[in-house]
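Quick caveat, the model's predicted, so the values are computed rather than measured. In what follows, every heavy atom counts, from backbone to side chain, and hydrogens, waters and symmetry copies are set aside. Below, chain A is the first sequence line, B the second, and so on; all start at residue 1.
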Number of protein chains: 2
Amino acid sequence: MTDHLSTTLSALADPTRRGILARLSLGEATVSELAEPYDMSMAAVSKHLKVLEKAGLISRGKEAQWRPCRLEAAPMAEVADWVENYRRFWDESLDRLGDYLAELQKGDPGGSRN
Amino acid sequence: MTDHLSTTLSALADPTRRGILARLSLGEATVSELAEPYDMSMAAVSKHLKVLEKAGLISRGKEAQWRPCRLEAAPMAEVADWVENYRRFWDESLDRLGDYLAELQKGDPGGSRN
DNA sequence: CAAGTTGATAACTTATTGGTTGAATACTCC
DNA sequence: GGAGTATTCAACCAATAAGTTATCAACTTG
């Protein structure tokens with residue numbers, strides 16, 4: 001799981017972390033502010049932040065005893081980019097084409113299998 | 001991790017599984033065909049397929065002793081949708097706005113914090 | 001029916017994840 | 001410098017994930 005995209009996706013695959021990002025989309029926040037909505041220890045939130053940081057999805061400053069977090073959405077561009085390759089597969093009109101191609105394939109079994 | 005989006009994202013957070021989806025974007029394939037490029041047992045691939053199926057990213061048929069897989073990209077729409085909310089944060093021109101807003105926030109500390 | 005092929009399942013191992021609690025660190029303010 | 005606040009770190013635990021091998025089930029074909 002060393003590749004960048006996998007790291008990003010797995011960081012995003014947690015509702016707490018996505019919630020944190022949503023909060024950060026409204027502006028910088030400290031760890032305690034980010035932890036407040038969640039029923040878990042600060043340490044747990046701190047770990048989530050480390051995951052997000054490792055994925056490059058947030059950055060952190062140092063302001064006195066606070067370590068304010070800010071959103072760094074750049075890695076999400078990679079996700080958006082990747083998923084866009086599949087848009088045609090869920091786009092309604094092109095589903096028709098998909099069905100058509102599948103039908104073609106059925107008519108020529110093995111032709112695409114070897 | 002019971003929510004749909006988390007399930008989808010974590011299914012996608014694995015290069016083998018994304019590779020399988022890429023292959024399926026070219027058309028249906030059997031399990032052995034999907035396993036072929038990978039240096040792992042069929043059982044392992046079978047497990048990956050189960051993860052993808054549980055996330056609704058593939059569906060499977062029954063054709064004699066084969067269980068052909070086909071791409072079902074619908075859940076990706078949710079991912080695309082979600083990530084689009086953040087586009088403005090990585091879009092270059094709007095990064096300027098982001099910096100500007102951050103600057104505003106600095107000038108009014110606490111104003112957005114409470 | 002026996003043999004070969006395709007695939008899934010079970011049991012097991014190892015590593016990772018997500019959480020906990022209890023210090024430790026770093027800073028501010030009186 | 002001591003008290004309080006903010007955050008991290010370390011050690012631990014339970015659950016999950018990703019892989020293995022061995023076995024089983026379903027189907028085709030000689």
Side-chain angles (χ1 to χ4, degrees), chain A residues 1-21 23-24 28-55 57-70 109-110 112-114, chain B residues 1-21 23-24 28-55 57-70 109-110 112-114:
Chain A
M1 212 271 293
T2 84
D3 68 294
H4 202 176
L5 185 51
S6 296
T7 306
T8 304
L9 286 166
S10 95
L12 296 177
D14 180 289
T16 303
R17 288 194 290 262
R18 288 198 307 279
I20 288 173
L21 294 176
R23 167 64 186 78
L24 289 177
E28 287 193 9
T30 67
V31 178
S32 349
E33 284 168 335
L34 291 172
E36 191 268 329
Y38 301 102
D39 187 24
M40 67 177 72
S41 65
M42 287 272 299
V45 171
S46 199
K47 276 193 189 181
H48 280 304
L49 292 176
K50 206 193 292 195
V51 172
L52 289 171
E53 193 177 19
K54 214 165 274 180
L57 286 161
I58 65 172
S59 63
R60 336 178 63 166
K62 278 193 190 185
E63 252 182 62
Q65 67 270 65
W66 295 279
R67 234 122 305 167
C69 301
R70 63 148 47 206
S112 64
R113 197 163 274 163
N114 309 317
Chain B
M1 214 272 292
T2 84
D3 69 293
H4 201 174
L5 185 52
S6 296
T7 305
T8 304
L9 286 167
S10 94
L12 296 177
D14 180 289
T16 303
R17 288 195 290 262
R18 287 198 308 279
I20 288 173
L21 293 175
R23 168 63 184 79
L24 289 177
E28 288 193 8
T30 68
V31 178
S32 349
E33 283 168 337
L34 292 171
E36 190 269 330
Y38 302 102
D39 187 22
M40 66 178 73
S41 65
M42 286 270 301
V45 171
S46 199
K47 276 193 189 179
H48 280 304
L49 292 175
K50 206 193 292 194
V51 172
L52 290 170
E53 191 177 21
K54 215 166 273 179
L57 286 161
I58 65 171
S59 63
R60 334 175 68 164
K62 278 192 190 186
E63 251 182 64
Q65 68 269 64
W66 295 280
R67 233 122 306 168
C69 301
R70 64 149 46 206
S112 64
R113 196 163 277 163
N114 310 317

query: In whole angstroms, how far is the P atom of dG18(C) from the CE atom of Met42(A)?
result: 18 Å

message: With a 4.0 Å limit, can you tell me whether Lys50(A) has a side-chain N or O closer than that to the phosphate oxygens OP1/OP2 of dC9(D)?
response: yes

Rounded interatomic separation in angstrom, taking CG from Asp14(B) and P from dA18(D): 6 Å

- prompt: Do the side chains of Val31(B) and Met42(B) get nearer than 4.5 Å, heavy atoms only?
  reply: yes

field: Closest-nucleotide ordering on DNA chain C, the 5'-leading residue of Leu49(B) and Thr16(A)
entry: Leu49(B)

query: Looking only at side-chain N and O atoms, does Arg67(B) come under 4.0 Å of OP1 or OP2 in dA26(D)?
result: no

query: Would you call Leu24(B) and Leu57(B) a side-chain contact if the rule is heavy atoms closer than 4.5 Å?
result: no

Atom-pair distance (CG on Asp39(B); P on dA18(D)), nearest Å: 17 Å

task: Kindly say if Ser41(A) contacts the phosphate of dT20(C), meaning a side-chain N or O under 4.0 Å from OP1 or OP2.
output: yes

- prompt: Within this structure, what is the NZ-to-C1' distance between Lys62(A) and dA6(D), rounded to whole angstrom?
  reply: 13 Å

message: How many whole angstroms separate atom CD of Glu36(B) from atom C1' of dT5(C)?
response: 17 Å

message: Please confirm whether the shortest side-chain N or O distance from Ser46(A) to OP1 or OP2 of dT7(D) is below 4.0 Å.
response: no

Check: Arg70(B) side chain, Ser59(B) main-chain N or O, donor-acceptor pair, under 3.5 Å: no

- request: Would you mind reading off the distance between Leu52(B) atom CG and dA8(C) atom P, rounded to a whole angstrom?
  value: 12 Å

message: Heavy-atom nearest nucleotide on DNA chain D for Met40(B) versus Val45(A): which residue maps closer to 5'?
response: Val45(A)

Phosphate-side-chain proximity, Arg60(B) and dA8(C), N/O vs OP1/OP2 below 4.0 Å: yes

query: Is it true that a side-chain atom of Arg60(B) and a backbone atom of Arg67(B) form a donor plus acceptor pair closer than 3.5 Å?
result: no

query: Does a side-chain N or O from His48(B) land closer than 4.0 Å to OP1 or OP2 of dG19(D), or not?
result: yes

- request: Take atom CH2 of Trp66(B) and atom C1' of dT5(C), then tell me their distance rounded to the nearest Å.
  value: 8 Å

Gap between atoms NZ and C1', on Lys54(B) and dA18(D) respectively (whole Å): 14 Å

query: For the residue pair Thr30(B) and Trp66(B), what are the closest heavy atoms and their distance?
result: CG2-CD1, 3.7 Å

- request: Go through dT6(C), dT20(D), dC9(D) for me and flag the one nearest to the Ala43(A) side chain.
  value: dC9(D)

Nucleotide of dG19(D), dA6(D), dT20(C) approaching Ala44(A) most closely (side-chain heavy atoms): dT20(C)

